[in-house]
Amino acid sequence: YLGVIGGLLRRHLRAENLGFHSVTFSHMGKLMVLAGVVGYVISGIAPVGLPIASLYVFSSAVAVGATLYVGNLPPRL
């Protein structure tokens with residue numbers, strides 16, 4: 001949720017300042033969210049457990065990816 005809220009704030013500030021919305025960054029954010037979710041799934045089904053610190057990396061990837069995705073969507077949807 002934190003990533004989506006950050007993205008919405010970034011989107012609002014960018015709309016006020018007439019900034020540039022990058023579809024490339026939006027797509028990269030979508031891929032980061034996908035990578036984080038795949039990491040969670042792999043760590044859940046792996047026979048040998050991954051280190052606990054990897055879950056923080058996956059959570060950070062999802063949060064940053066959600067921020068990039070929501071913050072860089074085109075203005076008209």
Side-chain angles (χ1 to χ4, degrees):
Y1 295 120
L2 184 63
V4 173
I5 291 171
L8 288 173
L9 288 173
R10 184 171 184 227
R11 182 178 171 88
H12 179 68
L13 291 174
R14 184 165 295 172
E16 287 180 355
N17 295 333
L18 299 174
F20 178 70
H21 298 275
S22 174
V23 179
T24 304
F25 281 151
S26 179
H27 187 67
M28 285 174 42
K30 191 186 317 183
L31 292 177
M32 286 180 70
V33 169
L34 180 66
V37 170
V38 167
Y40 276 126
V41 170
I42 288 175
S43 67
I45 63 173
V48 178
L50 296 174
I52 296 296
S54 65
L55 298 177
Y56 293 116
V57 173
F58 299 147
S59 297
S60 299
V62 170
V64 170
T67 301
L68 281 174
Y69 178 68
V70 174
N72 286 304
L73 286 174
R76 291 186 177 191
L77 289 177

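Position 1 is the first residue of the sequence; numbering continues from there.
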Tracing side-chain links under 4.5 Å among I, L, V, M, F, W and Y, which residues wind up in one group with Ile52?
Tyr56

With sequence neighbours excluded, what pairs up with Leu55 under the side chain to side chain contact (heavy atoms under 4.5 Å, CB included) test?
Tyr40, Ser43, Phe58

Can you give the donor-acceptor pairs under 3.5 Å from side chains of residues 28-38 to other protein atoms, not counting sequence neighbours?
none

